[in-house]
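A, B, ... follow the sequence lines: proteins, then strands. Residue 1 opens every chain.
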Amino acid sequence: MSAITGEQAILIEKPGLAGRISDFFWKHPHVFLAVMLAPPLLWLGIIYLGSLLALLLQSFFSIDDYSGLVNYEFTLSTYGQLLNEANLDIIIRTVSMAAIVTLFSALIAFPIAYYAARYARGKWKAIFYLGVMLPLWSSYLVKIYAWKLILAKEGILTWFLAKLNLLWLLDAWLSIPVIGGNSLSVSYTGTFIVFVYVWMPFMILPIQASLERVPANLIEASSDLGSTPQQTFRHVLFPLALPGIVAGSIFTFSLTLGDYIIPQIIGSSRLFIGQAVYAQQGTAGNIPLAAAFTVVPIVIMGLYLWMARKMGAFDAL
Amino acid sequence: QEALKELGKGEGELSIVAWAGYIERGDTDKNYDWVTGFEKETGCKVSVKTAATSDEMVALMNEGGFDLVTASGDASLRLVAGKRVQPINTDLIPSWKTVDKRLQDAPWYTVKGVHYGVPYVWGPNVLMYNTDVFKGKPPKSWNVVFEEMNLPDGKSNKGRVQAYDGPIHIADAANYLMFHKPELGIKSPYELNEDQYKAALDLLRVQRKLAGRYWHDAMIQVDDFKNEGVVASGSWPFQVNLLKSEKQPVASEFPEEGTTGWADTTMLHTESAHPNCAYMWMEHSLSAKVQGDVSAWFGANPSVAAACKGNELLTDEGCATNGYNDFDKIKFWRTPVAKCESQSECVPYHRWVSDYIGVIGGR
Amino acid sequence: MRSDRSTSAPPGLKIAAAGGLLFLHLPIMLIFLYAFTTEEKSYQFPPPGLTLQWFAVTWNRPDVWEALSLSVRVASIATAIALVLGTLCAAAVSQTRFFGRETISLLVILPIALPGIITGIALRSAFSMADIPFSIWTIVLGHATFCVVVVYNNAVARFRRVSGSLVEASMDLGANGLQTFRHVILPNISTALLAGGMLAFALSFDEVIVTTFTGGQQSTLPIWMLQELIRPRQRPVTNVVAMVVVLVTFLPILAAYYLTRDGDQIAGSGK
Amino acid sequence: MTAAVLFENVSRHFGAVRAVDAVDLAVAEGEFFAMLGPSGSGKTTCLRLMAGFEQPTHGHIEIFGETAEGVPPYRRNVNTVFQDYALFPHLSILDNVAYGLMVKGVVREERRKAAEDALAMVKLPGYGARRPGQLSGGQRQRVALARALVNKPKVLLLDEPLGALDLKLREQMQEELKTLQKSLGITFVFVTHDQGEALSMADRIAVFNDGKIQQLGTPEDVYKRPKTRFVADFVGSSNILQPEFVTQLGAGQQLASLRPEAIGLNSKKEGQLAVSGVVLSRSFLGASNRVTVNVGGTKLHVMSPASSPVPEEGSNVTLSFAPADLHLMETTP
Amino acid sequence: MTAAVLFENVSRHFGAVRAVDAVDLAVAEGEFFAMLGPSGSGKTTCLRLMAGFEQPTHGHIEIFGETAEGVPPYRRNVNTVFQDYALFPHLSILDNVAYGLMVKGVVREERRKAAEDALAMVKLPGYGARRPGQLSGGQRQRVALARALVNKPKVLLLDEPLGALDLKLREQMQEELKTLQKSLGITFVFVTHDQGEALSMADRIAVFNDGKIQQLGTPEDVYKRPKTRFVADFVGSSNILQPEFVTQLGAGQQLASLRPEAIGLNSKKEGQLAVSGVVLSRSFLGASNRVTVNVGGTKLHVMSPASSPVPEEGSNVTLSFAPADLHLMETTP
Ligand SMILES: Nc1ncnc2c1ncn2[C@@H]1O[C@H](COP(=O)(O)OP(=O)(O)OP(=O)(O)O)[C@@H](O)[C@H]1O
Ligand SMILES: Nc1ncnc2c1ncn2[C@@H]1O[C@H](COP(=O)(O)OP(=O)(O)OP(=O)(O)O)[C@@H](O)[C@H]1O
Ligand SMILES: NCCCCNCCCN
Ligand SMILES: [Mg+2]
Ligand SMILES: [Mg+2]
């Protein structure tokens with residue numbers, strides 16, 4: 001290698017298109033940013049948000065009761081309809097279900113995530129990962145039908161409980177008002193179980209990710225300062241895992257809020273928001289009311305996302 | 001819009017919105033196939049979209065993209081009013097003249113003398129029940145699904161009965177009240193004033209306590225009879241036949257209060273892309289063979305008298321079994337409107353929709 | 001976490017974790033079991049007998065193949081679109097700082113955070129307003145919209161780890177923007193994109209609700225399943241399909257796991 | 001007097017790795033005890049054995065005369081200042097400091113008071129409301145210290161607490177720590193790989209290598225009388241003279257170490273040994289110059305005060321040193 | 001001769017932060033130029049301005065006489081060794097080193113050869129097939145060096161290249177770098193916050209503070225004749241004497257700096273100034289002892305060679321120093 005190179009300190013502009021494009025973008029980073037952002041922003045900002053806004057707009061129209069055609073005149077009557085007793089029931093029913101499903105999903109998911117994050121190593125870690133991913137990606141519909149078989153009055157659970165002479169337990173549960181019913185598959189309990197089953201895996205991975213991000217030495221520091229393992233959990237581990245729980249709950253909450261298939265297959269015919277939207281849109285052709293119904297989850301999830309972002313839950317997603 | 005003047009060549013395709021079991025191509029049972037032959041003959045490839053309720057049918061037609069719909073009486077006039085279906089030139093359908101005279105000018109598809117379709121099949125909503133539970137004592141009244149009682153097997157009917165998950169079921173309650181509470185003065189179960197309507201809803205609230213789940217889809221009702229311990233429910237002959245064919249212990253009854261029912265019309269979409277194929281289908285659908293086969297499969301009655309005789313699948317007793325002679329006792333589905341005929345003002349359909357959701361929701 | 005290497009989990013935790021996993025897997029076993037039942041109309045328990053016939057029946061049903069082929073096409077195209085959009089977005093957000101970055105990550109998350117029925121119905125009514133007829137493309141459009149986020153999340157995480165100085169090092173060594181993309185950025189994010197793409201594919205492949213609204217007459221595999229499950233003719237066929245899909249997705253999921261995990265090590269060594 | 005910390009033949013193995021290997025040591029009460037050694041030599045593991053995060057594979061540990069094996073960290077009256085501080089990111093500074101008291105059940109007002117006192121002691125009064133993320137490295141280090149000290153531990157363990165700080169701040173913190181230790185009288189066990197830090201701060205130093213203690217003694221012992229080549233080399237820079245070279249000097253037949261600052265340049269005094277050589281290179285270090293001299297094939301570093309003249313590169317020089325500064329060592333490295 | 005790098009009144013502001021503030025400097029061709037300063041003082045930003053990763057907010061930059069503003073990094077014949085090395089994790093060592101040649105379109109065989117030569121030059125022959133993850137810190141550092149040098153840059157920029165290495169390795173690499181620079185004759189611009197490193201390696205040093213150059217000169221200039229209190233304090237440790245104290249000594253009326261090693265303990269020689277005080281504390285640093293003495297309320301540090309006796313704490317001592325060692329400075333800090 002020679003001591004001093006003969007070359008110029010500044011190289012002449014490279015010919016060729018690639019070089020010129022590079023130079024252009026380098027000199028105009030804002031143009032470059034715009035070029036990168038344009039496709040996703042056009043897609044999400046124009047097509048998606050545009051559709052969403054158009055839908056919201058529809059909620060300010062009304063429908064002709066007899067012909068089922070939309071009457072394109074501004075009115076708040078659809079919102080008036082949204083707030084009638086039966087529809088309020090639907091909203092309350094759905095939101096309560098989503099909240100309880102989220103709570104229980106977190107309760108069941110946490111030990112799995114905790115074990116996977118802090119104890120599972122090597123092969124076991126992979127097994128846990130697959131153990132969570134497989135249910136997540138196996139057909140949603142077929143899983144629901146599997147639960148229908150389990151929960152039916154003459155289904156598998158009954159069969160097992162009968163073998164174990166525990167049918168009285170089931171009957172006792174079913175006789176509890178509100179959550180009970182004629183059989184699990186036509187009760188809130190059944191709907192709840194299937195919701196938890198189907199959405200809970202969405203909770204595990206974010207919790208696991210946030211637990212894995214808790215540095216080991218914080219746990220040690222806590223123990224060093226005199227915390228028993230229980231105290232460490234309460235004061236250190238849980239607060240630090242919270243963003244993960246919130247991130248997971250975005251899924252469990254939103255998916256429960258909008259699902260119409262589960263409560264229709266496993267449930268007592270009392271509508272959930274998703275079913276109401278589906279029925280108003282598809283069955284009754286009442287697009288304005290359907291649109292007004294969608295405002296409910298949009299507002300709820302909007303608030304939820306806002307809160308989640310404040311808690312730093314997006315990083316855990 | 002003017003009706004078609006003359007028939008051209010088939011367009012090669014035809015899409016139909018239909019009730020489950022209305023358009024069969026032998027998938028479920030090889031013997032029941034009235035599509036394959038038609039396709040061979042006309043070159044029109046048939047696709048079917050099944051709908052579970054009349055409301056769904058109206059919504060699908062509003063959305064467009066279909067040629068034909070097998071609309072029931074509670075949907076047909078809404079489709080006409082919404083200008084979703086076009087007038088039919090009966091001259092282009094040779095079999096039109098074979099149609100049962102009781103149906104030829106039926107008000108649910110004839111407006112000011114103009115026909116907006118051709119009749120398909122009709123039938124009653126029957127009371128299906130479990131023969132093991134009722135032990136040779138078939139229920140004579142709809143009260144088994146409306147009022148709490150012990151069934152012949154000694155257990156309560158609570159949690160063991162079902163009802164149809166569609167607002168039109170309010171008419172079934174009204175029909176029950178028409179018989180049991182004449183003082184309400186109900187003339188037609190589809191024309192209810194506020195008081196009559198309220199009484200019907202009250203009855204349905206009682207029913208809500210008995211029904212674990214409402215049936216929305218014919219196939220799911222079949223499942224519920226098999227797996228969910230449901231022993232009695234308003235139903236269609238279709239489900240009865242299906243369950244019987246699976247050797248399930250069910251039978252159906254035509255209760256003393258009479259029943260509601262449906263008389264369906266094949267209607268042509270205003271913007272149909274395949275009108276020629278559609279006319280060919282309407283002609284095909286009125287043939288005695290098709291009418292008989294559909295009636296046998298669905299448990300319905302043909303709109304062509306000739307179908308009652310000599311059809312292998314329906315057999316010669318079929319029409320009688322399915323209620324062919326009870327035509328006058330059936331109150332066919334209509335769309336409830338505010339300006340009703342029998343009294344000054346009635347509760348319109350949109351209230352039926354929201355109130356029924358409320359009743360099922362426990363309101 | 002190193003501190004736990006020497007300790008083992010408390011028994012209560014082990015039981016809860018195992019119980020949770022069991023809860024997740026028993027119903028799936030059931031799906032597998034009923035792929036072999038001899039009874040075809042409704043499922044009784046225990047199954048009256050076991051048979052392999054449904055595999056052959058499934059193989060010979062053209063509607064299965066049609067639905068499968070549509071699903072594969074939809075998922076592939078949606079994934080491809082999501083890969084492009086998600087990567088662009090992730091690159092913009094993580095390589096530069098600009099006003100509104102936060103809003104963009106919110107925008108990307110929105111389609112998955114709002115219930116599918118809202119996405120579906122919004123797009124459906126937009127299609128009808130714009131007089132766009134339903135087709136495979138309307139399905140793809142819906143799916144791509146909510147798939148962007150998984151690609152985005154994977155890519156953002158990787159971009160964060162691929163130290164920013166790698167790009168500068170490349171430019172410093174004389175590579176222009178395109179060369180840097182080709183030789184440095186792409187190789188470093190490829191495993192993350194692959195993993196994100198697989199998740200996007202799986203998400204699209206199993207989507208029912210959005211498809212219900214954005215699809216016309218075509219049925220994707222889940223829509224086909226919905227019809228099959230409601231109308232019981234040869235119900236075990238749906239189980240065979242579900243089981244095969246689970247088994248076939250097993251390998252890509254495992255691959256994605258190892259790819260992203262190794263990626264950690266590779267990309268992390270830049271520090 | 002019972003030792004504050006006593007190791008009797010303590011080992012901690014991780015599979016085949018002998019992180020700590022048959023270590024004996026006794027830290028006296030009130031002592032500032034440093035553990036010095038290169039990366040991977042087992043210092044941290046020793047500390048973790050004292051804190052209770054690790055259990056010995058063999059051997060016996062006592063803390064103030066009581067057996068420590070099997071006692072979990074949260075039941076040892078021993079606190080640790082972690083290398084990266086390990087402050088709780090979700091708690092305020094005050095809550096961080098009060099944490100140990102909180103889990104012990106001290107009432108709110110009282111622990112608040114104690115935490116504020118501890119913050120004042122580390123010269124961070126009024127910082128209680130902030131979050132760890134809002135402090136600089138040196139401030140965090142002091143918070144970590146306050147958080148440990150508020151519990152009034154019998155032994156304070158510090159794992160390279162100054163490692164992440166830059167030079168000026170490190171020097172300042174060294175002084176503060178030392179002063180604090182003196183005034184509190186708590187036993188400090190301090191891990192570092194910076195020999196300067198260990199020399200200037202500790203009462204006694206244990207030099208670790210490969211899980212074993214190479215030498216244990218006062219800073220002067222360790223610096224001036226290194227027992228092994230490893231210690232001579234690791235603690236301060238040193239010229240290691242091969243036995244042949246030493247033989248030529250007539251000073252013995254062993255490996256020897258000679259500190260660069262013990263060598264005079266062209267300034268032989270009476271009774272000193274002398275060799276001559278050629279200057280290879282020199283570099284300016286501020287307070288002194290480092291001159292590298294080739295003495296018959298052996299490279300010797302000489303540290304000469306900035307005030308003395310620096311010979312040119314290539315010039316001949318005489319190196320001289322007192323025989324006492326030539327420190328003979330065990331020949332096995 | 002044209003300067004290798006020329007800054008004329010260069011500023012780089014980030015919003016309100018003046019990372020680089022009106023800097024003038026000229027790096028001569030073939031020079032080993034160090035930029036020294038505390039964290040956040042703008043060293044890295046200066047380097048990035050040279051490399052082309054940043055554009056100046058004001059001012060003008062030339063590289064070998066050519067205007068550099070607006071020229072992208074990939075068209076500057078200037079290469080950088082990054083603090084964290086920034087080796088491409090997906091490429092082998094050989095491909096890493098050959099990267100610059102590859103993107104320039106040098107054919108495979110040729111660039112392979114050149115890369116192997118460069119690896120040999122940094123004493124890593126035969127390591128080409130490995131991945132960066134399989135090398136130690138010091139080895140990675142050398143790969144980063146080879147990767148830059150293979151392009152035969154006119155200027156090599158190094159951003160704290162030794163910051164992540166531990167003491168022994170750092171000393172060794174310092175020597176190697178210096179030797180390499182001498183043999184290649186390439187202009188090196190070297191960023192560090194370690195004053196020892198800057199003093200021992202550089203031909204000239206620019207001392208940065210708050211985005212400004214405080215002093216620019218040879219190591220001796222900077223160490224012995226600090227212009228400002230900041231420089232005196234930052235480069236080596238120093239006793240800063242307040243004007244009042246200096247007045248009392250009769251040596252002037254300005255702020256002055258006095259190096260601890262320039263002070264004699266109880267050893268006044270002729271012509272020296274002397275003050276007396278009480279020993280506050282002393283600490284052993286190996287090659288020397290640091291003694292802190294209270295002189296009428298002013299704390300003075302004295303660095304006394306290990307060979308001299310160390311006075312007891314509390315004893316009275318006389319401190320003496322040559323007037324020339326008392327360096328007067330601008331009073332504004
Ligand atoms: N939990 C563990 N599992 C396996 N090996 C370990 C573990 N902890 C430490 N070791 C190994 O034991 C040896 C000593 O490690 P230790 O952390 O005590 O060294 P150290 O002297 O503190 O080094 P450093 O200065 O780098 O912190 C190392 O080789 C390390 O890799
Ligand atoms: N891209 C940027 N945006 C905003 N501020 C910046 C940016 N880069 C540097 N700064 C600020 O400019 C100042 C100088 O930073 P610079 O990195 O040049 O310091 P430095 O001397 O290299 O410090 P260190 O020794 O910590 O690396 C700092 O206050 C820094 O926070
Ligand atoms: N694995 C199937 C889960 C389906 C969830 N779909 C989410 C889409 C949100 N719009
Ligand atoms: Mg350590
Ligand atoms: Mg810097």
**Q** Tell me, out of D:Val81, D:Asp95, D:Asp84, who's got the most heavy-atom pairs with chain A below 4.5 Å.
**A** D:Asp84
**Q** ring-ring contact (aromatic ring centres under 6.0 Å, His included) with D:Tyr85: which residues, sequence neighbours excluded?
**A** none
**Q** Quick one: which residues of residues 103-139 of chain D reach chain A at under 4.5 angstrom, heavy atoms only?
**A**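 Within residues 103-139 of chain D, near chain A: D:Val103, D:Lys104.
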**Q** What I'd like to find out is whether the side chain of A:Pro239 reaches to under 4.5 Å of the side chain of D:Leu91, using heavy atoms alone.
**A** no
**Q** Is the count of non-hydrogen atoms from other residues, nucleotides or ligands lying under 6.0 Å from D:Phe14 atom CZ greater than 12?
**A** yes
**Q** With D:Pro89 as reference, evaluate A:Val236, A:Val214, A:Leu240 under the side chain to side chain contact (heavy atoms under 4.5 Å, CB included) test and give the passing residue.
**A**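 The option that passes is A:Leu240.
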**Q** Enumerate by number any residue of residues 60-77 of chain D whose heavy atoms lie under 4.5 Å from heavy atoms of chain A; in the absence of such residues, state 'none'.
**A**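 From residues 60-77 of chain D, the residues near chain A are D:Pro73, D:Tyr74.
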**Q** I need the D:Phe88 CZ to A:Ser222 OG distance, nearest 0.5 Å.
**A** 4.5 Å
**Q** Quick check: closest heavy atoms across D:His90 and A:His235, and the distance to 0.1 Å?
**A** NE2-O, 2.7 Å
**Q** With only heavy atoms counted, which part of D:Leu87 is less than 4.5 Å from chain A, the side chain, the backbone, both or neither?
**A**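 D:Leu87 touches chain A through backbone heavy atoms alone.
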**Q** List in chain and number order the residues that pass side chain to side chain donor-acceptor pair (under 3.5 Å) with D:Asn79, two or more places apart in sequence or in another chain; answer none if no residue qualifies.
**A** A:Asp224
